[in-house]
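Encoded as structure tokens, the structure appears first; notes follow it.
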There are 2 protein chains.
Amino acid sequence: MTAQTLILQTGDSVAIALSDLKAGSMIDDLGLAPNSDIPRGHKIALAPHGVGDNLRRYGQVIGQATAPIAPGDHVHSHNLGMADHVAKTDGQQAVKPLAPIQSDRHFLGYHRSDGKVGTRNYIGVLTSVNCSGSVARFIAQAATETGLLDGFPNVDGIVPIVHGTGCGMSAADEGYATLFRTLAGYAQNPNFGGILLVGLGCEVMQVADLVGGRPIRSDGALRYMTIQSEGGTAATVERGLQELRGIAEVANQAQRAPAPLSALTIGMQCGGSDGYSGITANPALGIASDLIVRHGGTTILSETPEIYGAEHLLTARAETPDVADKLLTRIAWWEDYCARNGGEMDNNPSPGNKRGGLTTILEKSLGAVAKSGSAPLRAVYEFGEVIDTNGFVFMDSPGFDPCSVTGQIASGANLIVFTTGRGSVSGYQPVPCVKLATNSEMYRRMQGDMDLNCGDIVSDGVSLEDKGQELLDILINTASGAQTQSEKLGYGGVEFVPWTIGAVM
Amino acid sequence: MTAQTLILQTGDSVAIALSDLKAGSMIDDLGLAPNSDIPRGHKIALAPHGVGDNLRRYGQVIGQATAPIAPGDHVHSHNLGMADHVAKTDGQQAVKPLAPIQSDRHFLGYHRSDGKVGTRNYIGVLTSVNCSGSVARFIAQAATETGLLDGFPNVDGIVPIVHGTGCGMSAADEGYATLFRTLAGYAQNPNFGGILLVGLGCEVMQVADLVGGRPIRSDGALRYMTIQSEGGTAATVERGLQELRGIAEVANQAQRAPAPLSALTIGMQCGGSDGYSGITANPALGIASDLIVRHGGTTILSETPEIYGAEHLLTARAETPDVADKLLTRIAWWEDYCARNGGEMDNNPSPGNKRGGLTTILEKSLGAVAKSGSAPLRAVYEFGEVIDTNGFVFMDSPGFDPCSVTGQIASGANLIVFTTGRGSVSGYQPVPCVKLATNSEMYRRMQGDMDLNCGDIVSDGVSLEDKGQELLDILINTASGAQTQSEKLGYGGVEFVPWTIGAVM
Ligand SMILES: [Ca+2]
Ligand SMILES: [Ca+2]
Ligand SMILES: [Ca+2]
Ligand SMILES: [Ca+2]
Ligand SMILES: [Ca+2]
């Protein structure tokens, strides 16, 4: 029998209605009846609460009772509010280290000379500026047509990384610094066995600056050129093919070999979210995230605008005050970023959110934050900053999916997990992206694009624990080379989207 | 014999040194000798000037003498300055209507039902958001692989128009409005015989909004769909192919037929400029622009940051005070845009400019403005705003080439002319782009990318008039179907770059 309600974590104050509940009609799985009609997606109280009592969902405080609440009551704006000190102080004891798991579980990856491990072995044709993007694609296309990789079976393919910026910008501002980190980060991502960097020549983002200073790759598998120095399109394509052969010889030496789960760096995303995201796919991913962290791996939460107003949920989990401070610094930066662009960050549930049953910003953000499970927050990074620790971390980014994923890959992610309710379709070469459907209806309709249905948590009563374990298995298989749906479909050619910050000049 | 100097317009106060000139060494083409050494690219006085006298180059005032100037003097920062009233008031009589040319010169174009004429006949697969970009490319690729256009010989090809935005933005700000104009403008460009619009479904830039309100194409050759409604990638590609067949049947009915030059709308650009840009390719383009205008056609100047500080050069040519006001309003907007992004517009020649012989901002901007010849300024448009007049017009845009061209095509350009000194390589489907080399050295080196050498104005003494006429012939041939170098090379797949304004959320 299909359950009528869902309790997200033992000890929660409320259950979530999985269908419209009728006043007085007994709910078998709870052993109580609603005191009024409760719409699907809304909350029903499990226990009595006095005014000022905290209520919990996902094991986290979502607000305080503003009126007495009895078991069976509909819990929403009329009896649940968010006192200031709830937002600011609750959960200071939330740093709960997770028990490490000693295990011989492993994946088969490409071990790089800097100690990182790739889950794929692509060659990237990276571009400093939009103006070299077509040539990067011509080179990749010519390589395909001439069978350049025929003798290099260990290379997965050649991936042009093209974008719409790199010039018409100041070389002195944070937009430039952010793009620089992004390009340098891609050049170092372990899923690339080698890089050919192509510039035009006269752009603001100079190839010489990108390859100058410290070596961009410790294996030396980086070559570079500019179209203007080579003498135009045809000459650049010709030399590009020569360089690719040299790079392919290096990249082809890599072979999959066992690697511990600590070598996984997983970017977590949600896009096209719906009312199920926060109760199915996101918390299931949170459980998998905790498992990865307990195995010594790294998981990355991002999408700063989606945690805005509930950032204390994360600062409360920060391992040190410095980590919490760094997150708050980013939040303050975002407030300024939006203000100077004539907008504002919205930290209230929208009317649509409220109709769907979300009462407070805490509750709304918990849905997004649920992806990160319960692990302590070890570090906070800027967009595209190279991640140099294990554990659960935060990387600042917009919520815009391709842009956020681009930052995570620049930061070193070798796997992406993406939850979606409406059905987002996308891929992010060179990194595989595992898609989780939040609801069974969309999963059935878009099965060719989805890698795992989490809707059965609601539709078939599958436990979050089981789903988290199932996801971990999929992640290990994917890391070892099993193709995701988006890889099979050929996604990834347009989804490199660096964050445009600042004026386009 | 190669000329040692160049006089840009009859009546100019100065000539430009085409090689390093030695003090006292007679210059045959001028009949005088320099009074001091004058480096290549710098100015030599042709006539005596008293303090306060205006000096002219390109027939335009570039500043006032700040010390007495004798014929043969080096003219630079030591004796030439820019009094405020030069900047603000000179040239108020600069509106000099050009004599119309009655002629039966024509090109062969595709006549559309709205009266516009295309120079190409492509089908566009337009995307509302980055998240549908891969599917747009899958559809175009599947169409190629299945020979979908085999029965439609009048269709030039299928062009996916993909980009990195469309979501993670406010639907209420000017960034959204600008993107909306850009996408709607592409859908209406006469070089498209039909449009398939593909969205994801949950994005901010809704397909329903794009196709709602007034019809986006008067010929009805627009179909649309979203990936989420269709049920994923495979189903969308399949339906996309069906829709493309229907669109191709409409588009295939178009055939090239004679069209007057008044049907040309030419976007003018410079990128990768050098010291020759302002003395060869740009003024040659200016002459062609005047010819197009005299034939009743439209030419578009853009790249607002490059005229900054010398905007009165254009307001002085404005046909009405309203037109001048609209340009000044955009300039004020730009000052705010840069300031709020923590930067500033720089209206002074840089040290490098000065070393190259540019003395004042007037002189520097004249090089960029030279592209626009001498025609009166009839109208000023915002980025991507549909151009609804003939004559010489200004469309506001960044200087960043692909972004500026994107705006011009959205505004209705059916031909692009692009001058370059360093050697920019790019193409802008569905609109052909004619590349002018500013110097012969780069032309020889990158001949496969360039359509016309203007360097021979300096290296071989070709007159600007002759070069302008030669360019007009090329423009007419190109409009009639002759392929540009960038079309032969296959450019245009990555150069659609909408202007990102505002915060990426
Ligand atoms: Ca999200
Ligand atoms: Ca997102
Ligand atoms: Ca599946
Ligand atoms: Ca320019
Ligand atoms: Ca430019």
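Residue numbers start from 1 in every chain, and the chains themselves are labelled A, B, ... in the order their sequence lines are given, proteins ahead of strands. Predicted model, so just to flag it, every value in this text is computed and none were measured.
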* **Contacting region of B:Thr233 [heavy-atom separation from chain A under 4.5 Å]** => both
* **A:Glu335, CD atom: more than 12 neighbouring heavy atoms under 6.0 Å** => yes
* Between B:Gly502, B:Gly168, B:Ser134, the one whose heavy-atom pairs under 4.5 Å with chain A are most numerous -> B:Ser134
* **Crowding at CD, B:Gln483 (>12 non-hydrogen neighbours, <6.0 Å)** => yes
* To do: Pick one of side chain, backbone, both or neither for B:Val494, based on which atoms fall under 4.5 Å of a heavy atom in chain A.
  => both
* Using a 4.5 Å cut-off on heavy atoms from C-beta on, say whether the side chain of A:Glu495 contacts that of B:Cys131. => no
* What part of B:Leu489 is in contact with chain A, defined as an atom under 4.5 angstrom from a non-hydrogen atom: side chain, backbone, both or neither? -> both
* Side-chain heavy-atom pair B:Met446, A:Ile227 within 4.5 angstrom cut-off -> yes
* Is chain A contacted by the side chain of B:Phe138, its backbone, both, or neither, given a heavy-atom distance below 4.5 Å? -> side chain
* **Rounded distance [0.5 Å steps], CD in B:Glu174 versus CG in A:Asn341** => 9.0 Å
* Identify which part of A:Asp449 has an atom lying under 4.5 Å from any heavy atom of chain B, answering side chain, backbone, both or neither. => side chain
* Asked: Quick one: of A:Ser132, A:Gly166, A:Cys202, A:Ala339, who has the most non-hydrogen atom pairs under 4.5 Å with chain B?
  -> A:Cys202
* To do: Tell me, yes or no, whether the heavy-atom count around A:Glu441 atom CD, taken from other residues, nucleotides or ligands under 6.0 Å, exceeds 12.
  => yes
* Structure fact -> With chain B, the option among A:Ala136, A:Ala234, A:Gly342, A:Pro402 that has the most non-hydrogen atom pairs under 4.5 Å is A:Pro402
* Part of B:Arg137 within contact of chain A (heavy atom distance under 4.5 Å) -> side chain
* Give, for atom OG of B:Ser229 and atom CZ of A:Arg422, the distance between the pair rounded to the nearest 0.5 Å. => 9.0 Å
* Structure fact -> Counting heavy-atom pairs under 4.5 Å with chain A, the top scorer among B:Pro305, B:Cys167, B:Gly448 is B:Cys167
* Portion of A:Thr500 that has a non-hydrogen atom of chain B nearer than 4.5 angstrom -> both
* Asked: Heavy-atom distance under 4.5 Å between the side chains of A:Val204 and B:Phe400, does that happen here?
  -> no
* Name the option with the most non-hydrogen atom pairs under 4.5 Å to chain B; the candidates are A:Val129, A:Val497, A:Val425, A:Asn130. => A:Asn130
* Give a yes or no answer on whether the side chain of B:Tyr337 reaches the backbone of A:Val504 with a donor-acceptor pair at less than 3.5 Å. => yes
* Structure fact -> Assert top hit (heavy-atom pairs under 4.5 Å, partner chain B, pool A:Gln228, A:Arg445, A:Glu203) equals A:Gln228
* Asked: At a heavy-atom separation under 4.5 Å, does A:Ser170 approach chain B through its side chain, its backbone, both, or neither?
  -> neither
* Is the backbone N or O of B:Val135 less than 3.5 Å from a side-chain atom of A:Tyr491, with the two atoms forming a donor-acceptor pair by type? -> no
* Kindly compute the distance separating CG (A:Leu200) from CG (B:Asp401), expressed to the nearest 0.5 Å. => 9.0 Å
* Under 4.5 Å heavy-atom distance to chain B, tell me which part of A:Val162 shows up: side chain, backbone, both or neither. => side chain
